[in-house]
Amino acid sequence: MLNTTYSYKAHFSPAKFFTQLSFLLLVSLLCLILQSFQAVAKPSLQSLQHQQLNEILFNIHTYYVDDLKLQNTFVTQPDNLQVEALFERLDPYSKYLDETELDAIFSSTNGRYTGLGIEVKVEDGRVYIVSTINNSPAALAGLQVNDEVIAINQQPILDKSIEEVAKLIRQSGQSAVDVAVKREKDTELNFSIKRQQINLQSVHGHLADTGVALISINSFNNHTLHDVARELAKMQVTNSFPLSGLIIDLRDNPGGTLQGAIEVADLFLDNGTIVSTKGRFNEANQKYKAHKGDILSGAPIAVLINENSASAAEILAAALRDNQRAVLIGETSFGKGSVQSLIPLGNGNTALKLTTARYYTPAGQSIDGKGITPDVSINQTMLSEIDQGVIIKNIQELALFSSLLDRQDKKQLTAKQLVIMQ
């Protein structure tokens with residue numbers, strides 16, 4: 001992390017801050033690349049001055065989702081160790097962001113970042129690749145899903161946090177990063193990969209000859225709404241008639257911007273609540289409603305989820321299911337039901353990523369720590385992770401979705417007959 005010095009705003013403006021925070025709630029983030037769902041945040045606060053520590057303390061005391069009763073905790077001027085201990089009392093998604101980390105978050109939100117192009121998770125202290133981004137340095141070098149990353153630049157990473165692993169990768173700068181992985185049957189492979197700026201393509205589409213379309217959403221950023229709408233419009237034109245059904249693949253989608261999930265849900269809903277958020281101050285209490293207009297005109301939707309579908313992905317899945325707009329298929333989702341806001345610190349070069357609210361599904365349920373249970377349970381191995389045509393075929397054969405498609409086929413037939421008659 002960088003040792004950053006910044007000025008402290010002695011004259012704090014609540015009105016200006018709430019304007020910023022209200023906006024930031026709409027773009028609340030789950031770090032997408034190289035962040036474990038289970039990683040515990042360990043901020044580097046050793047270089048911060050007393051005024052900066054006071055600013056962090058004020059924001060936590062005022063806006064953190066739970067009232068920690070801090071007014072009597074720091075009788076004297078807080079020191080670095082006290083504030084670090086305070087972070088240990090927060091949830092694992094709240095942390096101090098230095099300039100590099102803050103820049104990485106904004107880059108990811110805008111659909112780009114500099115790195116290798118891998119998404120990872122931690123299990124029992126081991127780092128596994130969840131996915132590689134298409135045409136990224138990692139994908140082109142040959143890294144694969146389920147590879148266990150065992151060393152970065154000859155340094156073993158067993159029991160290291162995701163942040164420590166990311167730091168090892170960043171330290172390579174313009175030089176190639178040496179990545180050692182263990183593949184099935186204990187095969188150890190070594191790769192030399194250069195970090196590059198990666199434009200994140202969050203949406204991929206496929207259209208079957210049955211008129212059923214599939215869109216895979218890898219993450220939610222500021223461009224996801226437009227990417228989904230463009231992909232659907234392209235497939236509608238290719239199909240010549242309205243789509244007979246849609247499968248939305250949210251497996252291994254770790255989340256992203258809250259606003260991205262809300263906008264995509266609104267594409268398919270005519271009315272109803274999409275999601276609500278609740279916190280300790282007024283701006284954290286929001287209810288997001290759907291606007292009239294369903295881009296698919298009621299065609300049935302199936303949503304695929306698994307244990308790595310989290311945050312914004314869960315918001316979209318719950319919004320469509322609770323409004324009786326889609327059936328959920330797959331495995332119980334991760335269960336990340338909190339909202340993080342970026343609160344600028346000092347001169348704005350650093351920030352506090354703080355959990356300021358919890359979100360609730362349209363049915364009023366919090367899924368934090370529980371996840372969303374699908375309507376149809378299906379093992380991950382039963383679906384191809386690569387061949388989208390095979391996924392569509394398998395989902396079409398499921399009884400629940402098949403019956404919905406049968407009804408839609410009758411609507412499509414009527415529409416085609418009307419076209420012929422005209």
Side-chain angles (χ1 to χ4, degrees), residues 130-131 145 203-218 228 231-232 235-236 238-239 241-253 261 264-265 267-270 272 294-310 312-335 361-363 365 367 370-416:
V130 172
S131 67
V145 174
V203 178
H204 302 273
H206 181 84
L207 177 64
D209 56 12
T210 57
V212 175
L214 182 146
I215 55 171
S216 300
I217 305 178
N218 304 319
V228 169
E231 197 68 40
L232 288 174
M235 290 190 284
Q236 292 269 29
T238 302
N239 196 45
F241 290 97
L243 297 176
S244 55
L246 175 66
I247 300 167
I248 303 175
D249 192 350
L250 298 178
R251 292 175 301 162
D252 298 327
N253 181 324
V264 172
L267 284 176
F268 309 110
L269 295 173
D270 266 324
D294 175 357
I295 195 172
L296 293 183
S297 301
I301 299 174
V303 178
L304 303 184
I305 57 174
N306 67 3
E307 61 181 5
N308 295 322
S309 305
E314 294 174 293
I315 288 174
L316 174 57
L320 296 181
R321 199 261 295 278
D322 286 3
N323 284 288
Q324 289 80 53
R325 187 63 188 87
V327 294
L328 302 190
I329 298 171
E331 302 171 315
T332 300
S333 62
F334 178 77
T361 69
Q365 301 297 313
I367 56 91
K370 307 175 205 170
I372 301 171
T373 303
D375 302 302
V376 180
S377 295
I378 184 168
N379 193 288
Q380 177 92 341
T381 57
M382 294 178 66
L383 294 176
S384 166
E385 295 183 15
I386 299 174
D387 192 330
Q388 293 182 313
V390 173
I391 295 174
I392 292 176
K393 182 176 182 297
N394 288 341
I395 296 301
Q396 280 185 228
E397 292 173 355
L398 291 176
L400 182 56
F401 193 55
S402 178
S403 65
L404 294 173
L405 286 172
D406 285 344
R407 277 180 254 165
Q408 185 65 18
D409 284 343
K410 290 174 181 153
K411 292 180 187 176
Q412 295 293 342
L413 180 60
T414 303
K416 291 179 183 179

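The analysis underlying the following values was restricted to heavy atoms, covering all of them including side chains, and did not include hydrogens, waters or symmetry mates. Throughout, residue positions are numbered sequentially from 1 according to the sequence presented.
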Asker: Minimum heavy-atom separation for Pro374 and Gly330, please, with both atom names.
Answerer: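 Closest pair (atom of Pro374, atom of Gly330, distance): CG-O, 3.4 Å.
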
Asker: Nearest 0.5 Å please: distance from the CD1 atom of Ile301 over to the CG atom of Leu320.
Answerer: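 Reported value, rounded in 0.5 Å steps: 5.5 Å.
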
Asker: Using side-chain heavy atoms (C-beta onward) and a distance below 4.5 Å, is Ile395 in contact with Val212?
Answerer: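 Contact flag for Ile395/Val212 side chains = no.
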
Asker: If you compare all heavy atoms of Pro362 against all heavy atoms of Ala319, which two are closest, and at what distance to 0.1 Å?
Answerer: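 Minimum heavy-atom contact is CG-CA, 3.8 Å.
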
Asker: Can you tell me how far the CD1 atom of Ile329 sits from the CG atom of Leu304, to the nearest 0.5 Å?
Answerer: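 One finds 6.0 Å between CD1 of Ile329 and CG of Leu304.
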
Asker: For Ile247 and Phe401: C-alpha separation, side-chain torsions, deciding distance, then whether side-chain contact (heavy atoms from CB on, under 4.5 Å) applies.
Answerer: CA-CA 10 Å; Ile247 300 167; Phe401 193 55; 4.2 Å; yes

Asker: As a quick check of understanding, evaluate side-chain contact (heavy atoms from CB on, under 4.5 Å) for Val303 and Arg321, giving each step before the final call.
Answerer: CA-CA 9 Å; Val303 178; Arg321 199 261 295 278; over 6 Å; no

Asker: Closest heavy-atom contact between Asn323 and Gly272?
Answerer: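 Looking at all heavy atoms of both residues, the shortest contact is OD1-CA, 3.7 Å.
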
Asker: Using salt bridge (Lys or Arg N to Asp or Glu O under 4.0 Å) as the criterion, list what pairs up with Lys370, not counting sequence neighbours.
Answerer: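 None.
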
Asker: Could you list the residues that satisfy salt bridge (Lys or Arg N to Asp or Glu O under 4.0 Å) with Asp270, not counting sequence neighbours?
Answerer: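 With neighbours one apart ignored, the set is empty.
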
Asker: What residues form a side chain to side chain contact (heavy atoms under 4.5 Å, CB included) with Ala261, not counting sequence neighbours?
Answerer: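 Ala261 satisfies side chain to side chain contact (heavy atoms under 4.5 Å, CB included) with Phe220, Ala312, Ile315 only.
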
Asker: Take Phe334 and Asn308, measure what side-chain contact (heavy atoms from CB on, under 4.5 Å) needs, and give me the verdict at the end.
Answerer: CA-CA 5 Å; Phe334 178 77; Asn308 295 322; 5.6 Å; no

Asker: Are any side-chain N or O atoms of Thr332 and backbone N or O atoms of Gly371, one a donor and one an acceptor, separated by less than 3.5 Å?
Answerer: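 A pair under 3.5 Å: no.
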
Asker: Taking Gln236 for the side chain and Leu243 for the main chain, is one N or O donor matched with an acceptor at less than 3.5 Å?
Answerer: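 Such a contact is found between Gln236 side chain and Leu243 backbone.
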
Asker: How close do Ser244 and Thr210 get, heavy atom to heavy atom, and via which atoms?
Answerer: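 For Ser244 and Thr210, the tightest heavy-atom pair comes out as OG-O, 3.0 Å.
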
Asker: With a 3.5 Å distance limit and no angle check, can you tell me whether Asn306 reaches the backbone of Glu331 through a side-chain donor-acceptor pair?
Answerer: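 It does not hold such a pair.
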
Asker: Checking the side chain of Asp249 only, and the main-chain atoms of Arg251 only, is there a donor and an acceptor separated by less than 3.5 Å?
Answerer: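 Yes, because the side chain of Asp249 sits within donor-acceptor range (under 3.5 Å) of the backbone of Arg251.
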
Asker: Looking at Asn253 and Ile217, would you say the former's side chain and the latter's main chain have a donor-acceptor pair under 3.5 Å?
Answerer: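 Between the backbone of Ile217 and the side chain of Asn253 there is a qualifying donor-acceptor contact (under 3.5 Å).
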
Asker: Is it true that a side-chain atom of Ser333 and a backbone atom of Ile305 form a donor plus acceptor pair closer than 3.5 Å?
Answerer: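 Between the backbone of Ile305 and the side chain of Ser333 there is no qualifying donor-acceptor contact (under 3.5 Å).
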
Asker: Quick check for you: to the nearest 0.5 Å, what is the distance between Ile215 atom CD1 and Leu207 atom CG?
Answerer: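 Atom-to-atom, Ile215:CD1 and Leu207:CG are 12.0 Å apart.
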
Asker: Start with the C-alpha distance between Asp322 and Thr361, add both sets of side-chain angles, then the distance that settles side chain to side chain donor-acceptor pair (under 3.5 Å), and finish with yes or no.
Answerer: CA-CA 7 Å; Asp322 286 3; Thr361 69; 3.1 Å; yes

Asker: Starting from the C-alpha separation in whole Å, work towards a yes-or-no answer on side-chain contact (heavy atoms from CB on, under 4.5 Å) for Ile391 and His206.
Answerer: CA-CA 10 Å; Ile391 295 174; His206 181 84; over 6 Å; no

Asker: Can you give me the closest heavy-atom contact between Leu250 and Ser309, atom names plus distance?
Answerer: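 Distance-wise, the nearest heavy atoms are O-OG, 2.7 Å.
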
Asker: For residues Ile248 and Val264, determine if any side-chain heavy atom of one lies less than 4.5 Å from a side-chain heavy atom of the other.
Answerer: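 The answer is no, as the side chains (C-beta and beyond) never meet within the 4.5 Å cut-off.
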
